[in-house]
Amino acid sequence: MSGESPPAPEPSASGSSERSLRSDARLTIAKRDLSSLSREKTIVLALLIQLFVAAFSSFLVVGLTSLYSPGSVSAGEVVVGVAGEHDDALVDAASEQQGVRAITYPTDDTAREAYRNGRVHAVLLAADSDSRIDVTVIAPQESIETTLIVDQVRTLLERVERSERIARSQHLDRSTVPLPEEVDASPYFGFTYTVLVPLLLFLPPFISGSVAVDALTEEIERGTLELLRVAPLSLVDIVDGKALAMILIAPLQVVLWITLLSVNGIDIANVPRLLTVVTALTTLVVTLGLALGVVTARRRQAQLLYSVLVIFGFGALTFLPEHPATTVAKLAVDSPTPTTSLHVVGYAVAAVVGFVLARRLVAGTDPEGL
Amino acid sequence: MSGDPPRPPGERSPGTGDSDRSGGLGGWVRTRAENVTRIARWEVTKNAGGVDRRTVVIAVLAVLGLGAMAPVAVSQGVSLDQGIYRVGVVPEDPYYDPVFLDPTFRVQGPDAGAVESGYQEVMIVGPQVREYADTAKGRAAVDELRSSTMRYNDGIMELEDNRSAAFPVVVNLTYVEREAAGVVTQGQQPVPIETDEGGGSDGGDAGQTDATATPNGDDTTASDSGGDGSGSDGSERGDATESGDGDSDVTRPDGGRNVAGSSISARLTGGSSTGAPSDISPPFPFRSLVLAFVFVLPLNFVIQAYGSTILSERINRRGELLLVAPVSRKDIIIGKTLPYFLASLSVATVITLLLQGSAISVLAIVPIALLFLSATFLGAMFARSFKELTFVTVTITVSLTSYAFVPAIFTDVTPIALISPLTLVVRDLQGQAIGAGQFVFSTLPPTLTALVCFGLGAGLYREEDMFTQRPIPYKVLDALAGPIKRRRSVMLVTAVLLPFVLVAELVVVAFMYPLTQAQVPFTLVVGAAFVGIALVEELAKSLHVYAGYAHSRFDDGLRTALVVGVLSGIGFFLAEKLTLIARLADLQDLQIGRAALGEQALLQTGVPLPILAAALLLAPLALHVLTASISALGARRGRRSYAVALVIAVAVHVAYNLTVVTALVG
């Protein structure tokens, strides 16, 4: 079975792109891995999963945002009961605010009574303590509704605070900055670019790396790696081929996501640079996965280490001036800075270096020991 | 059999109680317990110990490193939206400071041309926003600028000496449970708020029973918030002016901080009680939910290992040795599963103790753990390779996590949330009482589903299926065709599949629920729910029939098809009575829930005529028999005609439901 050891792997991995026959073999391996992916329909499953994750997270956030900024959905009106000395200020502010209706009660007790009987959502009791307006807010116990109510009440009171500050401005040494006008902005805008897009762009690399671990360790565990090596292929070639396949599919998926997002009216800018980032990150995680596969030769170890190390690395990148997620967000929203471009270049360089190092590691591994 | 006899475990005997053999029942149980323990022990020593020390050390180091990084990263202030909006402003403008201090913005020189050509979102000249890009991004930038300016203003006022002019409004927020208030003043009728969505009344009745327990029980992260717990039970606190009186003209740095500076702990726990208006923060209603998520997370790691060990039995015929050993298949499966199940439970117990939940939390995790394990087991029996298993596992993780998680978001809103046992955990953490009916409603369907999954997987756990490589859809058909021995068994399989139907239908309803809250027209939502539910039901009635035909269990005569279809319909009808447990959770109070439960709930609408009731009972039977026969007729001709017949059956089903609902409700 083993016979003669395969052709000695190149010690210098850098200048090995010109041999046509060998690169052909690597292409064949890449093709073989890709076709096994499509035969098992796993790639479809992978896309579905990502779609699901994206839908799930948007669903969550749309839900959250609609709770926290009541204007964003047609939520029910919040009715507040107002009583006390400064009730007119509160009523004035409420009349300016959408989604809030104030009902004035003559005394605190009648307002509390109304609250207990469920006629108002919350009670605002405005007393005068020295020169301040002291508002006691009574809101229902914690529930999703409470969030909405308290949010509306806070906006209302901030309005009161602003007008009071202006009224007392002669007692103040500093002046406040006037607020810009209210505009009809999408509350999901920031989320889309800072969370959803990075999520969609980072999932394919992560999955690619995980599949790369499987692709290699499975061949080792099933013993088919030996069969592959009967062909005139070195271990480096085999690993190269597997890396190639897995690195290729990530940017393709990303292109798909970007297309889907644009169809939904979310324009993604700087696509070439985004693809560079994704390809570089994919290369890094795939080489990590394959290196782990070669070193441990067991799927379970390699998978465990792979997921832990990738998460660790993702966390460690917060110490960069710009986290990859921020880089992606800035590129996608079209606000890149020179720092952003520098990071893109940095990832590309790191990917090349990582790839070269991984090849050297593989070249130094004795295939018989796997 | 008697290699090294392990002591039979005292604490846990295998839970499957299908004991037909009456002679020597005790001995039989003991033998099985021994077998199971031996396999479980072998599983633990051989497989779980299979990860070598080096791997464990590296993994632990990485996790520790991650934990060490977290506080540093938080203190540095990681902001994902760093520099996404560009604002043109000069240092002389009043807006310069707020823009400069918020990392979301990047400061540029104001340039109208840049705004035009999309290199600048907002241009500020003097004290006003002169121009902003008329794009989604530009408007979002202005909106963001507005909220940063508010924050900045509060910061400026912080520096003022005249506290009363700087913070003219002092807010004292207390949360008062209405029911608790009603208890204090006798004779008051507690009436929950009526809102448009009608959610308030539903949430109210759960809280009503334990109003007195809530002030202490809801605060699980505790001890630093203080404000909400103590403030809420003081029923009459009219004079809440203790913080701000008498210092109108005195500079008091500490006191001032008390008014203006929002304590971070209060912000986290949502219990901020006193301060300027900007300091009060809405309670974070998902706090318990986030904590509950902690319960589900470890399961994902457990099933990784579990799927691995099941699949590795199937690779290189390793599992053959176990199969030829003198133990039954069930013993093998239970033995291999038990360590992972116990691991999940012990993790859940530890988390419960840390979060100060009650035993109910652990009990509610049991069906979730079983569901994760059973789905993984089935997936590992289907998968052809580790690659495929990875995807199957991820699918299971994603779909089951969302099944557990999404409904729990609506814990306080609607009883539909109870379809996920995680809701029980959330309620338990909030200190609410859980009724027995609610518990059964929440846990029974997933438990039954898990058992069905194990059963289907066990059907494949034999030599001829374990070591063959077939695409997953064929494996699914194999699993379904397994128990079909004769025509009669179709009825049984239909009935057994019902837990799936129940869970799937409830998930459909749960996903429709948010749509009813949005602007989507209600009829459209109901229509979508009908189609989803009809599809689920028709699949459950016919997929195994198709599998039976694919495995040539039936002859392709017309009569056989009709008999099989009728049997399937009857089986479904009988088993559907199980959905009556939905009543335990008052689900029929909801409009959408009524639509989902269809005929069952219609009986609830108060039509008293016995004739009508009989018709309502018989009509569903006729419907199920009819649609099952349609798809059975299609199934005998192969895949394509099965698909066509299924579509027809679904259409008939939807038409029926629409007719019934419009005739009786609308």
Side-chain angles (χ1 to χ4, degrees), chain A residues 40 42 45 49 52 56 76 116-118 121 129-139 141-147 150-151 154 157-158 160-161 164 168 171-172 174 176-177 179-180 183 185-186 189-190 194 210-211 214 218 299-301 304-305 308-309 312 315 318 325-326 329 333 335, chain B residues 51 55 59 62 65-66 69 73 78 80-82 84 86 94 129 136 139-140 142-143 145-146 149 153 156 160 162 164-165 168-177 181 188 191-193 195-196 203 240-241 244-245 248 277 280 282-283 285 308 385-388 390-391 394 398 402 412-413:
Chain A
E40 290 177 351
T42 40
L45 201 53
I49 291 166
F52 191 89
F56 179 50
R116 271 197 293 274
N117 292 340
H121 289 104
S129 80
D130 287 326
S131 53
R132 285 180 176 180
I133 301 176
D134 195 328
V135 183
T136 301
V137 179
I138 299 173
Q141 276 284 359
E142 178 174 343
S143 76
I144 288 198
E145 244 184 358
T146 309
T147 309
V150 174
D151 188 77
R154 180 179 58 181
L157 291 175
E158 278 173 344
V160 175
E161 188 182 47
E164 283 295 320
R168 301 173 187 206
H171 298 299
L172 291 169
R174 301 166 185 80
T176 54
V177 181
L179 290 188
V183 289
S186 157
F189 186 85
T194 58
S210 185
V211 177
D214 280 343
E218 182 150 43
R299 175 190 186 252
R300 201 174 314 173
Q301 269 98 318
L304 178 68
L305 285 180
V308 172
L309 287 180
F312 175 77
T318 38
T326 311
V333 83
S335 305
Chain B
V51 178
T55 310
L66 209 57
M69 272 189 303
V78 181
L80 288 174
D81 51 0
Q82 193 188 357
I84 59 171
R86 293 158 300 187
V129 174
R139 284 189 292 273
V142 175
D143 198 46
L145 181 63
R146 190 177 154 86
T149 309
N153 282 344
I156 283 286
E160 283 287 333
N162 188 336
S164 66
V169 179
V170 177
V171 185
N172 190 345
L173 176 65
T174 53
Y175 295 108
V176 175
E177 185 109 3
Q188 292 291 342
V191 178
I193 298 174
T195 53
D196 298 341
T241 54
D245 51 353
S248 58
I280 65 172
S308 245
S385 64
F386 280 124
K387 258 181 293 181
E388 203 163 59
T390 301
F391 285 111
V394 174
V398 170
S402 51
D412 295 319
V413 181

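All chains are named by letter (A, B, ...) in the order of the sequence lines, taking the proteins before the strands, and each is independently numbered beginning at 1.
- Rounding to the nearest 0.5 Å gives a distance of 5.0 Å between CG of Asn172(B) and OG1 of Thr136(A).
- Considering all non-hydrogen atoms of both residues, Val308(A) and Ala59(B) come closest at CG1-O, 3.7 Å.
- In terms of heavy atoms, His171(A) sits closest to Asn162(B) at CB-ND2, 3.3 Å.
- For the pair Arg168(A) and Ala165(B), the tightest heavy-atom approach, listed with the atom from each and the gap, is CD-CA, 3.9 Å.
- When each of Val160(A), Leu305(A), Val211(A) is scored by its heavy-atom pairs under 4.5 Å with chain B, the top score falls to Leu305(A).
- The shortest heavy-atom contact between Ala140(B) and Phe189(A) is CB-CD2, 3.5 Å.
- Here the side chain of Arg146(B) pairs no donor or acceptor atom with the backbone of Leu179(A) at under 3.5 angstrom.
- Side-chain contact check for Thr149(B) versus Pro180(A): some heavy-atom pair is nearer than 4.5 Å.
- Under the 4.5 Å side-chain criterion, counting only non-hydrogen atoms from C-beta, Ile156(B) is not in contact with Val177(A).
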